[in-house]
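To start, the structure under review is shown below, and the notes come after it.
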Amino acid sequence: MKNRLTARTLKAKRNGEKLFCGYITLGYPNLSFTRNMILRMEEIGVDIVELGIPFSDPLADGPVIQAASEAALKKGVSPADAFRLCRDLRRDGLRLPVIFFSYYNPIMSFGASRFVREMKKAGFDGLIVPDLPPDEDIEFRKLISREGLAMVFLASPTTKDKRLIFISNASKGFIYYVSLKGVTGIRKNLSGDLGDQIRRIREVSDLPVLIGFGVSDPRQAHKASRCADGVIVGSAIIDAIRRSGGDIRKVSRLVERLVISTKSAGLSRGVKDRR
Amino acid sequence: MKIFPDGKGHFEEFGGKFVPETLMKPLEDLERAYRTLKKDGRFQRELSHLLRDYAGRPTPLYLAKNWSAACGGRKIYLKREDLCHTGAHKINNTIGQGLLAAYLGKRRLIAETGAGQHGVATATAARLFNLSCDVYMGKKDVERQALNVYRMELLGARVIPVSSGSQTLKDATNEAIRDWVGSVDTTHYLIGSTMGPHPYPMMVRDFQSVIGRETYRQMMEAEGKIPDYLVACVGGGSNALGFFYRFIGTRASLVGVEAAGCGLGTGLHSAAIAKGKPGVLHGMKSLVLADENGQILEAHSVSAGLDYPSVGPEHAFLKKTGRAQYAYATDREALDAFHFLTRTEGIMPALESSHAIAYARKLALKVPKKSIIAICLSGRGDKDIDIIKRYAKR
């Protein structure tokens, strides 16, 4: 079976369509919210869901996602919940590509090969591990690709050209471009030279490039999507969940606006095509 | 003999660079600069000058006369790191990395600290090299270690309380890493132990290895041979590695002593080697204390300097290869050892070092007569007087 994630990103790239990837934390504020929100995201036209599995020491995350992770952990959320949730959603017909986002320690603790098997069985399509660069544990990456799953790697403004090629060769589905030197979070402005930065990646890679970290509102999502193939938004959505006390309608309104502004940066046929 | 770490910073399965992509290049740059300066005569001369005139090296190797007399022919030596400026071995590393930061043209130092000892040593180095200094410290530790917070402030450092997670050293480390991800251009992250991503475990070990080199020389002068046993406490593991490193290629037995807190069976301890499993924390693969879902557990020890849920990757490696042995001492044993050394030799050890003393007391009873045991007395106990007093009342 073709991988839903790579199929989706390749098609978008071919059509010049922009991709919107929304991040939510598993179990924040509770598991049923997570489940309903993912279903709602599919209806709204989100292209990819990134499901964050909370970790006690999330060193790439800023205060918003840290707080959500802590709250979810207090409820005892675990990778097993993520597998169960995804399996149920697939049974109910969810077709969205879903990426498992986790730090490396919970994966090691689960057992790498068992983890990969469960991921596949549950219907995940991809994996992002911010503290596992492509230089480390190459065996794990092999396990992932053997199961036909896509491991997405990150690139940053500090990544030199030679290394960009290395990352591009290792990454599947897309390249996750961290547009700023810093952790995840809400920022007033995007980096000024995004266009140049993305052009630098395009010169060495054919993979779609999605911009994440610090994309905080529809205006920024639009701007970033004009340079790249789309955006990943996390903290802004998590913050909306927090402020609304987990009100799906209110959060959906933000996600809708984010999707529309992202899509409007691409060719106009993008949105219609999908519906 | 193979040299560790290898080119990628691995001690076989341990070590490495498990960090967000943004830090990969700064770590490579740091490694390159460090390897160049390691061979740079001017840097090395400046470093040894500062270690001598500023930090107070070489520190004495003292034959513990009264303790040895009670050991029936066995000799106990204490490597007096407690006599270093700021009261512990930490300064060896902060001077080394501070000088490195100055050579690299960085304007700011950041550090994590638990009890505040490394924070004070970093704040001191910041003054020495005219750099600004921010120290991350768990909110709980800020409250517990008010005196060291004040010392850092007197030295012109800003202490930033960290209220995420367990509000202790591991969270302070996360926050320091987060800061560094956003500030690498101007800032050097001065890690306080042989932990974190490559090249830190190697670099900190090298800066601390002056302890073992001096011990080797002093022991040859005093006894004409090397000690049979070297004993040091292990939290992150910097004093132990600094002490052991010169002796790794020799026949000396190396023993690291972890903090067993209230006991290994209680869950309230910091014994990552005895009770941890392979995992990734703070940019390194090592042994970590974690629950069944891989969430990092809070460590416990009466000595804040050992209160860390993991251990430097080279210790995990030395344990695996069997080149070093690892033992442990409980809070109670460490407190007893504090009083023992204070009364026997008139030397108050830090509670961290007291763990090494506690284990050496047992060791001295069972090793062959004429054995020589050398202990790294990594710090002085003045900072722990409040805790000692509190426990004495119980």
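Convention: sequence-line order gives letters A, B, ...; per-chain numbering from 1.
Note that the CE atom of Met24(B) and the NZ atom of Lys160(A) stand 14.5 Å from one another [nearest 0.5 Å]. Taken from CG in Asn105(A) to NE2 in His282(B), the straight-line distance is 10.5 Å, to the nearest 0.5 Å. Put simply, CZ on Phe55(A) and CG on Asn174(B) are 8.0 Å apart, with the number rounded to the nearest 0.5 Å.
Using a 4.5 Å cut-off between heavy atoms, Phe110(A) makes no contact with chain B at all. Glu175(B) touches chain A through its side chain: at least one heavy atom from C-beta onward sits under 4.5 Å away, while N, CA, C and O do not. If you measure heavy-atom distances from Pro197(B) to chain A, you find no contacts under 4.5 Å at all. Interface residue Leu281(B): only side-chain heavy atoms are found under 4.5 Å from chain A. For Lys17(B), the parts lying near chain A are the backbone and the side chain together; criterion is any non-hydrogen pair under 4.5 Å. Using a 4.5 Å cut-off between heavy atoms, Pro54(A) contacts chain B through its backbone alone, with no side-chain atom that close. Using a 4.5 Å cut-off between heavy atoms, Ile53(A) makes no contact with chain B at all. Proximity to chain A (any heavy atom under 4.5 Å) is restricted, for Asp291(B), to the backbone atoms N, CA, C and O. With a threshold of 4.5 angstrom between heavy atoms, Ile177(B) approaches chain A through side-chain atoms but not through N, CA, C or O. Heavy atoms closer than 4.5 Å to chain B are found nowhere in Ile107(A), neither backbone nor side chain. In this structure, the portion of Lys277(B) lying under 4.5 Å from any heavy atom of chain A is its side chain and not its backbone.
Considering only heavy-atom pairs separated by less than 4.5 Å from chain B, the leading option among Ser78(A), Pro157(A), Ser69(A), Gly182(A) is Gly182(A). Between chain A and the residues Glu28(B), Glu292(B), Lys25(B), the most heavy-atom pairs under 4.5 angstrom are made by Lys25(B). Each of Ala67(A), Pro133(A), Ala60(A) has some count of heavy-atom pairs under 4.5 Å with chain B, and the biggest count is that of Pro133(A). Chosen from Pro106(A), Ala155(A), Gly62(A), Pro134(A), the residue pairing most often with chain B at heavy-atom distances under 4.5 Å is Pro106(A). Per-residue counts of heavy-atom pairs under 4.5 Å with chain B were compared for Leu132(A), Leu180(A), Leu73(A); the largest is that of Leu73(A).
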Criterion salt bridge (charged side-chain N to carboxylate O under 4.0 Å, His left out) on Asp185(B) and Lys181(A), from CA distance to verdict: CA-CA 10 Å; Asp185(B) 295 338; Lys181(A) 292 180 193 168; 3.0 Å; yes
Worked verdict on Thr22(B) versus Val178(A) for side-chain contact (heavy atoms from CB on, under 4.5 Å): CA-CA 8 Å; Thr22(B) 313; Val178(A) 177; 4.3 Å; yes
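Glu70(A) places no side-chain N or O within donor-acceptor distance of the main-chain N or O of Ser164(B), the cut-off being under 3.5 Å. At least one donor-acceptor pair closer than 3.5 Å links the side chain of Ser56(A) to the backbone N or O of Ile296(B).
The number of heavy-atom neighbours closer than 6.0 Å to CG of Asp206(A), taken from other residues, nucleotides and ligands shown, is 12 or below. Counted within 6.0 Å of OH on Tyr328(B), heavy atoms from surrounding residues, nucleotides or ligands total 12 or fewer; the atom is thus considered open. Environment of CZ in Arg202(A): crowded, with over 12 heavy atoms of neighbouring residues, nucleotides or ligands closer than 6.0 Å. Crowding of Lys140(B) atom NZ: a count of heavy atoms from other residues, nucleotides or ligands under 6.0 Å exceeding 12. Heavy atoms of other residues, nucleotides or ligands lying less than 6.0 angstrom from NZ of Lys106(B) number more than 12.
A donor-acceptor contact under 3.5 angstrom links the side chains of Thr159(A) and Glu21(B), judged on distance only.
Of all residues spanning residues 186-196 of chain B, none has a heavy atom less than 4.5 Å away from chain A's heavy atoms.
Taking the side chain as every heavy atom from C-beta outward, Leu59(A) and Pro20(B) approach each other to under 4.5 Å. In this structure, Pro63(A) and Arg178(B) have side chains that are not in contact, with every pair of non-hydrogen atoms separated by 4.5 Å or more. Asp171(B) is listed as a side-chain neighbour of Asp57(A), based on a closest heavy-atom distance under 4.5 Å. Here the side chains of Val280(B) and Met108(A) are in contact, with some heavy-atom distance below 4.5 Å.
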